[in-house]
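In listed order, ligands and their atoms are each counted from 1.
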Amino acid sequence: MSEPTTSGSVTITLDGTNKSSSAPLVQASVGPAVADIRKLYADLGVFTFDPGFGMTAACESKITYIDGDQGILLYRGYPIEQLAERSDFVEVCHLLLHGELPTGPELKEFQHNITTHTMVHEQIRHFFQGFRRDAHPMAILCGVVGALSAFYHDSLDINDPRQREVAAFRLIAKIPTIAAMAYKYSIGQPFVYPRNDLSYAENFLYMLNAVPAEEYKVNPILARAMDRILVLHADHEQNASTSTVRLAGSTGANPYACIAAGIAALWGPAHGGANEAVLKMLGEIGSPENIPDFISKVKDKNSHVKLMGFGHRVYKNFDPRAKIMKETCHEVLAELGIKDEPLLDMAMEMERIALSDDYFVSRKLYPNVDFYSGIILKAMGIPTHMFTVLFAVARTVGWVSQWKEMIEDPAQRIGRPRQVYTGATTRDYKDVAARG
Ligand code: CMC
């Protein structure tokens with residue numbers, strides 16, 4: 001990546017001294033400029049304090065742009081609404097990874113590269129036996145993806161562009177196979193080998209649902225919905241799991257280890273685990289008449305209860321993915337002939353109450369992508385403990401693209417945040433008998 005353009009600056013003055021530091025303003029192609037404070041310590045002897053990194057740009061990126069106030073999400077400049085409506089997941093993978101939508105021949109070649117990597121090494125099957133049947137599939141996914149580095153030694157050299165490319169294909173192609181294996185293992189069914197004549201989403205549904213005893217036909221409406229879920233979750237700039245992948249990758253760790261780190265970070269209920277948590281929450285509330293009591297609990301800080309599927313670090317107006325997800329939710333329920341889905345009724349009632357309540361309005365808390373995705377997945381027959389796994393399947397391309405961009409960036413350095421130390425100052429060791 002060439003040096004970013006700077007124009008203008010911010011001057012930071014240390015009060016009570018005549019010292020100041022000029023931070024050049026790095027210009028974004030869209031969105032706010034960022035102040036480059038790399039000389040701050042040398043000039044003033046101070047660092048910056050930004051827990052949660054809410055005000056800190058840790059890298060330059062050309063992949064995804066979010067305008068949280070306007071509810072805009074762009075992949076390489078394309079609005080998410082257009083991609084969800086007119087593109088498909090494999091095209092989006094090409095876009096995120098290579099920067100452009102593929103031409104016809106490029107798409108054919110890319111599809112070929114993905115489909116010829118969908119199988120996993122036969123020995124990986126034995127890995128699953130080591131897990132308890134009731135293991136959470138995210139635990140299995142994390143372990144098995146990390147283990148890929150022990151199987152594919154020919155794609156571990158991060159400095160070789162061809163090896164990086166092969167690692168990217170392998171990760172994008174194999175993650176649905178491993179996710180489906182984790183599911184099949186948890187329900188005691190045989191693993192289903194991938195079928196390369198199916199689309200990415202169709203093949204994933206096939207590996208999740210088919211059994212050797214009978215023919216399984218993929219419902220095209222459900223495959224379309226799955227494809228859309230994958231597109232909507234494919235990337236989301238520097239979120240917690242992506243930043244984890246970048247941080248792990250900044251040490252030179254191999255790509256499979258980095259993606260395993262991303263999976264671990266995604267698992268938390270404040271991040272990818274939220275879709276699972278939404279369903280759990282709706283189940284615990286039980287029926288619409290209990291919603292007001294639940295909302296009161298959410299508003300009581302001492303209860304530590306959150307309205308799962310609401311709020312976002314960046315979106316402070318609406319989450320454009322949630323809007324598309326809500327429409328898809330209705331389409332899926334109609335296709336499946338589900339007229340009265342109590343969970344959906346409850347979700348809509350919850351949304352209505354929350355959006356007219358000052359607590360949520362004043363804090364700019366709106367439904368996020370996970371508020372509706374859980375209901376769609378449940379209607380599709382996917383068990384709750386698989387929800388976050390699906391998110392990981394979709395996000396793998398985002399992680400891989402961000403990892404690749406970072407490795408190819410000459411400005412890349414090992415990630416190493418600072419701290420403000422407020423612990424004990426230097427003191428002398430005392431023998432145990434002398435400690436009071
Ligand atoms: N329910 C109740 N109150 C909330 C919620 C919520 N879901 N989210 C934020 N708040 C309150 C929070 O307590 C704080 O109140 P106050 O100002 O009185 O202290 C205020 O809103 C600001 O919140 P914050 O904690 O500063 O927001 P954040 O940007 O640090 O957190 C979040 C963002 C997503 C972690 C948080 O909104 C949350 O935990 N939401 C529920 C979990 C969820 O749905 N996560 C999925 C996010 S979308 C998928 C993804 O990208 O992973």
Inset, instruction - Tell me, with the steps shown, if Arg413 and Ser250 meet side chain to side chain donor-acceptor pair (under 3.5 Å). - result: CA-CA 6 Å; Arg413 306 168 71 202; Ser250 77; over 6 Å; no
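- Distance remark: protein heavy atom present below 4.0 angstrom from atom 10 (N) of ligand 1.
- Using a 4.5 Å heavy-atom threshold, the side chains of Leu343 and Lys378 count as touching.
- Aromatic ring orientation, Phe89 versus Tyr200: tilted (interplanar angle from 30° to 60°).
- In terms of protein heavy-atom proximity, atom 51 (O) of ligand 1 is closest to His312 NE2, 3.6 Å.
- The aromatic rings of His121 and Tyr152 sit perpendicular, their planes meeting at an angle over 60°, well past the 30° parallel limit.
- The residue Asp319 has no part lying near ligand 1, judged by heavy-atom distances below 4.0 Å.
- Close approach of ligand 1 to Gly272 (heavy-atom distance below 4.0 Å) involves ligand atoms 52 (O).
- Residue pairs meeting the ring-ring contact (aromatic ring centres under 6.0 Å, His included) criterion with at least one member in residues 315-338, sequence neighbours excluded: His236-Tyr315, His312-Tyr315.
- Of the candidates Ile295, Leu365, Val369, Leu365 brings a heavy atom nearest to atom 4 (C) of ligand 1.
- Using cut-offs of 30° and 60° for the angle between ring planes, the Phe47 and Tyr41 rings count as parallel.
- Side-chain polar atoms of Glu351 and Tyr372 form a donor-acceptor pair below 3.5 angstrom.
- No more than 12 heavy-atom neighbours from other residues, nucleotides or ligands sit within 6.0 angstrom of CD on Glu100.
- Selection from Met281, Lys364, Met308 by nearest heavy atom to atom 42 (C) of ligand 1 gives Met308.
- If you look at Arg363 next to ligand 1, the close heavy atoms, those under 4.0 Å, all belong to the side chain.
- Arg38 pairs by the salt bridge (Lys or Arg N to Asp or Glu O under 4.0 Å) definition with Asp36, not counting sequence neighbours.
- For atom 32 (C) of ligand 1, the nearest protein heavy atom is 4.0 Å or more away.
- With respect to atom 45 (N) of ligand 1, the closest heavy atom belonging to the protein is Ala270 O, 3.1 Å.
- Closest protein heavy atom to atom 27 (O) of ligand 1: Lys316 NZ, 4.5 Å.
- Partner of Thr328 under the side chain to side chain contact (heavy atoms under 4.5 Å, CB included) criterion, out of Arg228, Arg224, Lys323: Arg228 alone.
- Not a single heavy atom of Asn239 lies less than 4.0 angstrom from ligand 1.
- Counting the atoms of ligand 1 from 1 in the order shown, those under 4.0 Å from a heavy atom of Asp370 are 46 (C), 48 (S), 49 (C).
- Taking the six-membered ring for Trp and the full ring otherwise, Phe128 and Phe191 have centroids separated by under 6.0 Å.
- Listed by atom number, the atoms of ligand 1 under 4.0 Å from Gly309 heavy atoms are 43 (C), 44 (O).
- Counting only heavy atoms of the protein, atom 2 (C) of ligand 1 lies nearest to Val298 CG1, 3.4 Å.
- Defined by atom type and a distance below 3.5 Å, a donor-acceptor pair is present between the side-chain atoms of Ser241 and Trp399.
- Not a single heavy atom of Phe371 sits closer than 4.0 Å to an atom of ligand 1.
- For atom 7 (N) of ligand 1, a protein non-hydrogen atom is found at a distance below 4.0 Å.
- The nearest protein heavy atom to atom 23 (O) of ligand 1 is not closer than 4.0 Å.
- For Leu307, a nitrogen or oxygen atom sits less than 3.5 Å from a nitrogen or oxygen atom of ligand 1, counting backbone and side chain alike.
- Of all the atoms in ligand 1, the ones that sit under 4.0 Å from a non-hydrogen atom of Ala274 are 43 (C), 44 (O), 45 (N), 46 (C).
- Nearest protein neighbour of atom 29 (O) of ligand 1, counting heavy atoms only, is Arg313 NE, 2.8 Å.
- In terms of protein heavy atoms, atom 34 (C) of ligand 1 is closest to Gly311 O, 3.7 Å.
- Given atom 14 (C) of ligand 1, the protein heavy atom at minimum distance is Lys301 NZ, 4.0 Å.
- A 6.0 Å sphere centred on CD of Glu81 holds more than 12 heavy atoms belonging to other residues, nucleotides or ligands.
- Of the protein's non-hydrogen atoms, the one nearest atom 52 (O) of ligand 1 is His271 ND1, 2.5 Å.
- Checked options Asn203, Thr118, Thr115; the residue passing with Asn196 is Thr118 (criterion: side-chain hydrogen bond (donor to acceptor under 3.5 Å, both in side chains)).
- For Asn368, every heavy-atom contact with ligand 1 shorter than 4.0 Å involves the side chain, none the backbone.
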